Amino acid sequence: TVVYNVLIGCLGKHGRVDQALELLEDMNRKGIMPDCRTYNIIIDVLSSCGRYEQAYSFFGMMKRRNHTPDVVTYNTLLNGLKRLRRIEEAYDLFEEMLANQCIPDLTTFGTLTDALAKAGRMEDAVEISARLVKMGHSPNSYIYNALISGFCRSGQVDKGYELFQEMIECSCYPDTVTYTILVLGFSRRGHTNMAMEMLQEMVREGHTPSLSTYNVLIRSLSMAGQVEDAYTLFKEMIAKGFNPD
RNA sequence: ACCUUUAUAUUGCC
């Protein structure tokens, strides 16, 4: 079963979805029982390539075959719904998960928070992340980053920046993604100077800017007409061993 | 510790 799981996941990641499904058939023919992880992998592969309905049918199949969906199963489906922006169904599935005594984890809340934030429903996003605190969890960087990113997208960089400060106070330390989100947020508002400051702070705190960070900044500097600064950054990224894309 | 599955940033795909 483990070998099949690995292969199915690997084929799926490389877009060879139908071969992955064939392997599942093959397991059935040989009497090898797919386990919960097998189903989770299949569900993820299908919903990642836009075949959510088919993914959902495997959710039904696993229940019929007496495999109890676990937290990963629900999280994977929630992520599929998130991609399709089917928020209400995501809420319903979340309720179903609770009704089935499946305990949501940080990934569950991270997925839901991001779904709401991407839909521009920042109040709901904040509300769902508050629910996680009530359950005794502390928000991690995925949660904060999803919220900060949402605020930046909706033009409220200041609120994003407040959350950034809050996360430091709560000892949930910002990571490369957090800084990149804020660099992008400030750039979009034309605050190139703040964006550059975030880059410096990120380096000061010991984080290595990623390719995305550079892409964001170089684009922003170019558009602001600061071609010299953009070029300096370009040389810096080459010096650090990045291959510009 | 890592060692089969899920969530956050730029571009693209849906």
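All values reported here derive from a predicted model rather than from experimental measurement. Atom set for the values below is all heavy atoms of this structure, side chains included, hydrogens, waters and symmetry mates excluded.
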Query raised in the report: Base, sugar-phosphate, or nothing: which does A:Thr178 touch, judged by heavy atoms less than 4.0 Å apart?
Result: nothing
Query raised in the report: Counting side-chain heavy atoms from CB outward, which of B:U8, B:A9, B:U5 is closest to A:Asp114?
Result: B:U8
Query - Nucleotide of B:U6, B:U8, B:U10 approaching A:Ile181 most closely (side-chain heavy atoms) - result: B:U8
Report task. Map A:Leu84 and A:Ser149 onto RNA chain B by nearest heavy atom, then report which one ends up closer to the 5' terminus. Result -> A:Ser149
Query raised in the report: Do A:Ile32 and A:Val2 share a hydrophobic cluster (ILVMFWY, side-chain heavy atoms under 4.5 Å, transitive)?
Result: no
Query - Whole-Å gap separating C1' (B:U8) and CE (A:Met167) - result: 10 Å
Query raised in the report: Any donor-acceptor pair under 3.5 Å linking the side chain of A:Asn75 with the backbone of A:Val71?
Result: yes
Query raised in the report: With no angle test and no hydrogens, is the base of B:A9 tied to the side chain of A:Asn215 by a donor-acceptor pair under 3.5 Å?
Result: no
Requested in this report: Look at all strands and tell whether A:Thr107 reaches a base, only sugar-phosphate, or nothing, counting heavy atoms closer than 4.0 Å.
Outcome: base
Query - Base B:A9 paired with A:Thr176 side chain (donor-acceptor, <3.5 Å) - result: no
Query - Aromatic plane relationship, A:Phe59 with A:Tyr56 - under 30° parallel, 30 to 60° tilted, over 60° perpendicular - result: tilted
Query raised in the report: Rounded to whole angstrom units, what separation is found between the CD1 atom of A:Ile148 and the P atom of B:U10?
Result: 14 Å
Query raised in the report: Is A:Thr180 touching bases, backbone alone, or none of the nucleic acid, heavy atoms closer than 4.0 Å?
Result: base
Query raised in the report: So what does A:Val6 touch, heavy atoms closer than 4.0 Å: a base, only the sugar-phosphate, or nothing?
Result: sugar-phosphate
Report task. In whole angstrom, give the distance that lies between atom CG of A:Asp70 and atom P of B:U6. Result -> 12 Å
Requested in this report: Go through B:U5, B:U8, B:A9 for me and flag the one nearest to the A:Asn145 side chain.
Outcome: B:U8
Query raised in the report: When we call it a touch if two heavy atoms are under 4.0 Å apart, what does A:Arg83 touch: a base, just sugar-phosphate, or nothing?
Result: nothing
Query raised in the report: Start at the 5' end of RNA chain B and walk down; is the nucleotide closest to A:Val72 or to A:Cys49 reached first?
Result: A:Val72
Report task. Check the distance between B:C14's P and A:Leu46's CG and give it to me in whole angstrom. Result -> 18 Å
Requested in this report: With heavy atoms under 4.0 Å as the rule, sort A:Asp245 into base, sugar-phosphate or nothing.
Outcome: nothing
Report summary line: With the side chain defined as heavy atoms from C-beta on, A:Val177 is closest, among B:U10, B:U8, B:U5, to B:U8
Query raised in the report: Distance-only, no hydrogens or angles: does the A:Ser57 side chain make a donor-acceptor pair with backbone N or O of A:Gln54 under 3.5 Å?
Result: yes
Query raised in the report: For A:Leu211, which contact category applies under a 4.0 Å heavy-atom criterion: base, sugar-phosphate, or nothing?
Result: nothing
Query raised in the report: When you compare B:U4 with B:U8, how far apart are their C1' atoms, in angstrom units rounded to a whole number?
Result: 24 Å
Report task. Could you state the atom-to-atom distance from CG of A:Leu147 to C1' of B:A7 in whole Å? Result -> 13 Å
Requested in this report: Report the distance from atom CG of A:Leu217 to atom P of B:U11, rounded to the nearest whole Å.
Outcome: 14 Å
Report task. Could you measure between the two C1' atoms, the one in B:U10 and the one in B:U6, and give it in whole Å? Result -> 23 Å
Requested in this report: In whole angstrom, give the distance that lies between atom CE of A:Met202 and atom C1' of B:U10.
Outcome: 12 Å
Query raised in the report: Considering only side-chain heavy atoms of A:Tyr142, which listed nucleotide, B:A7, B:A9, B:U5, is closest?
Result: B:A7
Query - Separation of B:A9 C1' from A:Lys82 NZ (nearest whole Å) - result: 12 Å
Report summary line: To the nearest 0.5 Å, atom CZ of A:Phe58 lies from atom CD1 of A:Ile43 at 8.5 Å
Query raised in the report: Which one, B:A7, B:U10, B:U4, comes nearest to the side chain of A:Arg219?
Result: B:U10
Requested in this report: Could you tell me if the ring centre of A:Phe164 sits under 6.0 Å from that of A:Tyr179?
Outcome: yes
Requested in this report: Give a yes-or-no answer on whether the side chains of A:Thr108 and A:Asp105 include a donor-acceptor pair shorter than 3.5 Å.
Outcome: yes
Query raised in the report: Expressed in whole Å, how much space separates the P atoms belonging to B:C3 and B:A7?
Result: 15 Å
